[in-house]
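One structure is given below, encoded as structure tokens.
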Amino acid sequence: MRRRSGSRRLRHARWQAVLAVVALATAVALPVVLISVGGGVSAHELAALQNAGYQIVVSAPGLHGVAEAHNLTEQLLALPSVAAVSPVLSIAIDAFPPGKGAVPVLAEGVIPGEFGPTLGPAESGLFPLPLPLGDPSDRTHFDNGTYDGPATDDVLVSSPLAQAEGVGVGSLLPLAPTANASAAIAYRVTGTFGVPPTVLGPVGAFAILLPLSNLQVMTGFAHGAGVPVPDAADTIEVAVVPAATSQPSVLERVRAEIQSIVPFYGVSDLSQEAQQLQSASAVLTGFYLALSSVGLTVGLVFLTLVLVRRVERERRSIGIRRAIGQPGRSIATEIVGEGAALAAGGAILGIAVGYVVVEALAAWATSTVQEAAQLAEFVPLTLIELCAGVVALSLLAGAWASRAALRLDLAEALR
């Protein structure tokens with residue numbers, strides 16, 4: 001009976017250790033998922049900013065809020081150190097592939113000659129440059145704001161759209177602002193472009209590129225009575241000359257000059273946006289750790305209870321060791337080491353579980369979650385610091401259990 005009771009206690013002790021490891025692993029897995037995915041998305045956006053071909057962006061509040069985009073482009077191009085100015089208007093419209101109904105697409109109106117120089121190294125290889133969209137300056141159709149000049153009805157389509165709808169170079173692709181096919185204008189496809197992976201998912205892959213003035217007329221954002229924003233654009237991207245890209249003082253001067261031209265618009269350079277993104281990423285990391293601290297606290301409390309329960313179970317053994325002269329420091333070191341080993345096991349298991357969760361999200365979650373999970377980054381230094389933090393906190397649990405062990409009454413323990 002005594003042997004059976006001892007075996008049962010041993011199994012119970014093992015189960016307690018396993019549960020302590022699982023509790024800590026669950027607590028560690030949450031920050032691993034949050035930090036890896038959040039950090040990966042932030043790093044992706046930061047890399048996009050750092051590799052962009054433009055350095056300054058002009059934006060306005062409201063929908064398509066930048067007005068007089070063509071004239072503003074000419075003003076900004078006249079500034080010293082400015083190499084290219086690219087206004088961009090993005091609106092969802094409908095395309096009508098041959099033999100099919102309306103297909104929603106994301107249309108971007110650009111000035112063909114200015115768009116290419118504002119692309120970064122990674123993006124420039126996705127487009128046929130110079131863009132085969134007719135007049136590079138888009139001034140012929142714009143015609144000083146009358147939009148009476150001859151239009152170039154050329155369009156570039158994304159490769160996913162071309163493959164899905166069977167549209168190739170030379171094909172006619174009717175476009176309309178709504179699903180009303182009778183209002184569509186036939187555009188000739190003059191090229192295709194690739195689509196880089198983004199957090200937009202497959203929706204952003206069905207995209208087209210056409211002259212800015214054409215899209216403005218089609219969607220009602222050209223000049224005229226009742227136009228909400230005349231000659232509209234969403235943003236204007238400004239690229240400086242290569243010699244000025246690494247000179248913060250020059251970038252700040254150009255930004256200030258642009259701000260003086262458009263005092264009611266937002267003007268920011270990408271270095272500012274990068275700093276803001278880095279600050280936001282640091283705040284989010286702190287928030288993730290604070291959110292995870294609840295689970296870590298529960299796991300460490302459970303570890304403390306397991307160690308204290310083990311001291312109570314082995315009180316006779318501890319009493320004998322102390323009675324024969326074993327130093328209390330040796331006993332305390334053993335208990336603290338046992339707690340650290342359990343914490344290290346839980347932390348390593350938690351990292352493995354977090355990795356598996358992220359990979360599962362990247363494979364089987366919804367499209368947006370998949371895109372975010374695929375950008376996840378598992379930074380070794382961060383994971384090591386997380387493990388070290390858990391092990392360091394476990395020393396408190398071991399110290400509490402050691403205190404209980406060293407305060408045992410020898411007479412009571414040996415009875």
Side-chain angles (χ1 to χ4, degrees), residues 57-79 82-96 105-118 130-157 172-178 180-191 207-239 258 260-265 267:
V57 60
V58 179
S59 58
L63 190 64
H64 320 306
V66 177
E68 304 295 344
H70 285 86
N71 292 333
L72 186 54
T73 297
E74 295 297 323
Q75 287 182 269
L76 300 184
L77 282 172
L79 294 176
V82 170
V85 179
S86 176
V88 178
L89 175 64
S90 300
I91 302 180
I93 64 173
D94 287 286
F96 299 86
V105 297
L106 177 64
E108 289 203 343
V110 300
I111 295 178
E114 299 296 323
F115 180 72
T118 60
L131 297 181
L133 291 176
D135 177 21
S137 67
D138 196 35
R139 303 293 299 189
T140 303
H141 181 219
F142 179 68
D143 194 17
N144 295 318
T146 65
Y147 293 87
D148 289 334
T152 303
D153 295 333
D154 294 337
V155 65
L156 299 179
V157 300
L172 291 178
L173 182 65
L175 302 175
T178 65
N180 183 6
S182 62
I185 297 176
Y187 279 71
R188 183 168 299 279
V189 178
T190 57
I208 61 174
L209 213 62
L210 66 161
L212 175 61
S213 59
N214 289 45
L215 184 59
Q216 289 172 334
V217 171
M218 182 189 304
T219 56
F221 286 95
H223 280 141
V227 175
V229 183
D231 190 10
D234 291 300
T235 59
I236 295 182
E237 299 165 354
V238 181
I258 295 174
S260 66
I261 296 174
V262 286
F264 301 108
Y265 293 164
V267 182

How far apart are the closest heavy atoms of [X] and [Y], and which atoms are they?
{"X": "Ala176", "Y": "Ala184", "answer": "CB-CA, 3.7 Å"}
{"X": "Ser137", "Y": "Ile111", "answer": "O-CG2, 3.6 Å"}
{"X": "Leu215", "Y": "Gly109", "answer": "CD2-N, 3.3 Å"}
{"X": "Pro117", "Y": "Ala239", "answer": "O-CB, 4.1 Å"}
{"X": "Gly149", "Y": "Asp143", "answer": "N-CB, 3.7 Å"}
{"X": "Asp154", "Y": "Gly134", "answer": "OD2-N, 3.8 Å"}

Are [X] and [Y] close enough that some pair of their side-chain heavy atoms sits under 4.5 Å apart?
{"X": "Leu172", "Y": "Arg188", "answer": "yes"}
{"X": "Leu210", "Y": "Glu108", "answer": "no"}
{"X": "Val110", "Y": "Leu131", "answer": "yes"}
{"X": "Phe115", "Y": "Leu212", "answer": "no"}
{"X": "Leu77", "Y": "Glu114", "answer": "yes"}
{"X": "Leu156", "Y": "Pro132", "answer": "yes"}

What distance separates [X] [atom1] from [Y] [atom2], expressed to the nearest 0.5 Å?
{"X": "Gln216", "Y": "His70", "atom1": "CD", "atom2": "NE2", "result": "5.5 Å"}
{"X": "Leu133", "Y": "Asp138", "atom1": "CG", "atom2": "CG", "result": "9.5 Å"}
{"X": "Asp231", "Y": "His64", "atom1": "CG", "atom2": "NE2", "result": "13.5 Å"}
{"X": "Ile185", "Y": "Asp153", "atom1": "CD1", "atom2": "CG", "result": "6.5 Å"}
{"X": "Leu175", "Y": "Ile93", "atom1": "CG", "atom2": "CD1", "result": "4.5 Å"}
{"X": "Thr235", "Y": "Leu89", "atom1": "OG1", "atom2": "CG", "result": "9.5 Å"}

Tyr187: ring-ring contact (aromatic ring centres under 6.0 Å, His included) partners, not counting sequence neighbours: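 For Tyr187, no residue satisfies ring-ring contact (aromatic ring centres under 6.0 Å, His included) once neighbours in sequence are set aside.
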Relative to each other, are the rings of Tyr147 and His223 parallel, tilted or perpendicular (30° and 60° limits)?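 Ring orientation, 0 to 90° scale: perpendicular.
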Before giving the answer on side-chain contact (heavy atoms from CB on, under 4.5 Å), spell out for Leu79 and Ile261 the whole-Å C-alpha distance, their side-chain angles and the decisive distance to 0.1 Å. CA-CA 11 Å; Leu79 294 176; Ile261 296 174; 4.1 Å; yes
For Val88 and Asp234: C-alpha separation, side-chain torsions, deciding distance, then whether side-chain contact (heavy atoms from CB on, under 4.5 Å) applies. CA-CA 6 Å; Val88 178; Asp234 291 300; 5.7 Å; no
Between Asp135 and Thr152: side-chain donor-acceptor atoms closer than 3.5 Å: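 No.
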